[in-house]
Amino acid sequence: MKKNIIAMNASIMIGLGSILAAPSVYAESISDLEKQKESIQEKRSGVESNISDTEKKIDSLQDKQMTAEDQIAAIEAKIAESAKKIDAKNAEITQTKKEIEALKEEIKVLKERIAKRNEVLKERALSFQETGGDVNYLEVLFGSSSFGDLVDRVGAVATIAEADRDILKQHELDKKELEEKQKAVETKLASLEVAKAELLEIQKQQKQQKQEKDALVKKLKQQTEKHEHEKMGLEEEKANLAAQEKAIKSAISLEHQRLAELEAARKKAAAEAKKRAEQEAAQAAAQAASQASESKKQSTSSGYSAKSNSSSSSSSPSPSASNVSQAPAVSSGTFTRPSAGYVSSTMGERWNKQHAGIDIAASGTVPVVAAADGVVSRSYFSSTYGNVVFVTHSISGQQWTTVYAHLSSRQVGEGAVVAKGQQVGIMGNTGHSFGQHLHFELHKGPWNYSKSNAVNPLNYINI
């Protein structure tokens with residue numbers, strides 16, 4: 001009887017042990033979950049601080065961009081003003097060239113006049129050389145026939161001499177005028193050309209300044225776009241951390257519930273064990289009395305019969321569907337294969353960017369399953385990931401995050417508790433994707449924008 005009671009208690013303890021040792025979706029202890037929640041809260045606070053710093057950088061860059069654009073507008077106004085001045089100088093130069101052309105005609109007339117005077121003066125000089133100059137005038141005077149004729153001849157000689165002096169004087173004035181006009185026009189043209197050259201140099205500098213400002217604005221825009229993209233990534237990281245924090249809180253609540261259920265089960269099992277022990281003791285006492293009575297009857301009866309109970313069990317084949325039949329078998333390791341197919345791309349450098357996970361490709365309708373027990377922290381459509389599911393896991397006190405991207409459809413929502421091998425979606429080609437495949441990421445810790453916690457899934461899952 002004592003052996004029977006011990007065996008029964010051992011059976012009960014094994015049953016309790018199986019309950020207490022059942023795999024937890026969340027963590028080895030609530031303390032681990034609380035630590036993970038605090039860690040996520042700290043990271044979330046850090047991400048919020050980074051978002052604030054990024055916003056300040058964006059504001060500063062936008063202020064610089066506005067200042068540079070205002071400067072560009074001012075430079076463009078100066079360039080336009082310089083262009084007007086250059087046009088005015090070009091007009092003056094054109095007018096001056098016209099004046100030069102007109103002056104050339106005047107110069108031509110002056111040159112002809114001077115040439116004629118030169119001929120007259122040459123004749124005078126030749127006559128002077130041949131006749132001795134003043135002697136001619138004396139012969140003219142002494143050759144007069146009367147006083148009146150003398151007076152007439154003296155007047156004629158004086159007139160000729162005066163004419164000669166006028167010719168020489170006009171000749172000198174024409175030459176001087178010609179030289180002054182040529183000098184004035186040439187000086188004016190040279191001055192205009194210098195002024196135009198200066199304006200062109202100023203305009204060149206202004207255009208260079210504008211190019212520099214344009215380059216600065218372009219650089220500022222690129223930096224702004226970079227920080228805006230970074231801000232978007234940080235905001236997505238913040239949303240993921242918030243979702244993970246929510247999932248951890250849910251896990252803590254469920255863990256409390258699980259422990260309460262285990263405690264209730266333990267108490268119930270203990271009460272049942274006590275009750276069964278008492279029943280076994282009563283049955284043993286009754287059996288002892290029965291055996292004493294039975295020994296008296298053995299002399300009259302040699303027959304003895306015993307009844308045996310048989311039990312039968314039946315099993316029905318589990319229903320199968322085309323989608324379920326394609327799901328991979330659940331492995332015994334920490335993580336199981338997330339989908340059927342072949343690895344089309346591994347983790348590492350790809351297209352000058354870090355490929356933070358692996359790609360598993362297959363055709364047809366391919367189920368995607370949870371790689372381990374966990375809580376769905378996010379289930380949404382991303383411009384890059386497409387339809388994506390994030391699952392938070394807590395295994396032996398370590399937080400893990402798995403990502404299932406480019407799904408054609410999602411079959412779990414945020415906050416859902418999923419078991420290892422449970423379907424979360426269908427393989428697809430949504431988001432920034434080329435061809436049907438599953439992009440699978442494994443993060444030792446929470447997911448972040450830089451994906452610094454990403455580890456190679458092939459080191460943890462046999463695919």
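Note that the structure is a prediction, hence the values are computed from the model and not measured.
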What pair of heavy atoms forms the shortest contact from F335 to A372, and how long is it?
CD2-CB, 3.7 Å
Heavy-atom side-chain proximity of N453 to W447 below 4.5 angstrom:
no
Is the shortest distance from a Lys or Arg side-chain nitrogen in K218 or D214 to a carboxylate oxygen in the other one below 4.0 Å?
no
For N459, does the CG atom have more than 12 heavy-atom neighbours from other residues, nucleotides or ligands under 6.0 Å away?
yes
Stepwise side chain to side chain contact (heavy atoms under 4.5 Å, CB included) check, I463 with I358:
CA-CA 11 Å; I463 298 180; I358 62 172; 3.6 Å; yes
If you count heavy atoms of other groups shown closer than 6.0 angstrom to NZ of K420, is the number above 12?
yes
Which heavy atom of V417 sits nearest a heavy atom of Q422, and at what distance?
O-OE1, 3.9 Å
Hey, are the side chains of F440 and I461 touching, using non-hydrogen atoms and a 4.5 Å cut-off?
yes
Taking all atoms of both residues into account, what is the closest heavy-atom pair of L241 and P446, and its distance?
CD2-CB, 3.8 Å
Separation of L438 CG from I426 CD1 (nearest 0.5 Å)
11.0 Å
With a 3.5 Å distance limit and no angle check, can you tell me whether T430 reaches the backbone of S408 through a side-chain donor-acceptor pair?
no
Once rounded to the nearest 0.5 Å, what's the spacing between atom CG of L234 and atom CD of E230?
5.5 Å
If you look at every heavy atom in H393 and T402, which pair is closest and at what distance?
NE2-OG1, 2.7 Å
Taken to the nearest 0.5 Å, the spacing of I93 CD1 from K196 NZ works out to 5.0 Å
Carefully, step by step, assess V424 and R410 under the rule side chain to side chain contact (heavy atoms under 4.5 Å, CB included).
CA-CA 6 Å; V424 297; R410 293 172 277 119; over 6 Å; no
K78 and Q206: side-chain donor and acceptor closer than 3.5 Å?
no
In terms of relative ring orientation, are Y460 and W400 parallel, tilted or perpendicular, with 30° and 60° separating the classes?
perpendicular
With distance as the sole test, does Q436 use its side chain to make a donor-acceptor pair with the main-chain N or O of A362 at under 3.5 Å?
yes
Hey, are the side chains of P328 and T336 touching, using non-hydrogen atoms and a 4.5 Å cut-off?
no
Any side-chain heavy atom of Q203 within less than 4.5 Å of one from K207?
yes
Atom pair CD/OG1 of E92 and T94 - distance to nearest 0.5 Å
10.0 Å
What's the shortest heavy-atom distance between S379 and V389, and which atoms?
OG-CG2, 4.0 Å
Using 30° and 60° as the class limits, which term best fits the ring planes of F390 and Y385: parallel, tilted or perpendicular?
perpendicular
Kindly say whether S45 contributes a backbone atom to a donor-acceptor pair with the side chain of S49 at under 3.5 angstrom?
no
Check for me whether the distance between the ring centres of F434 and H432 falls short of 6.0 Å.
yes
Heavy-atom closest pair, residues P367 and S339
O-CB, 3.6 Å
The test is side chain to side chain contact (heavy atoms under 4.5 Å, CB included); show your working for H439 and D359 and say whether it passes.
CA-CA 5 Å; H439 175 73; D359 293 342; 3.0 Å; yes
Rounding to 0.5 Å, atoms CE (M347) and CG (L442) come to a distance of 9.0 Å
Evaluate the side chain to side chain contact (heavy atoms under 4.5 Å, CB included) criterion for residues E76 and I72: first the C-alpha distance (whole Å), next the side-chain angles of each, then the deciding distance (0.1 Å), finally the verdict.
CA-CA 6 Å; E76 286 176 342; I72 288 172; 3.7 Å; yes
Using modelled atom types and a 3.5 Å cut-off, is there a donor and acceptor pairing between side-chain atoms of Y404 and backbone atoms of V391?
no
Given H355, H443, E441, the one that forms side chain to side chain donor-acceptor pair (under 3.5 Å) with K451:
E441
Just verifying a value: how many Å separate L220 CG and I58 CD1, rounded to the nearest 0.5 Å?
13.0 Å
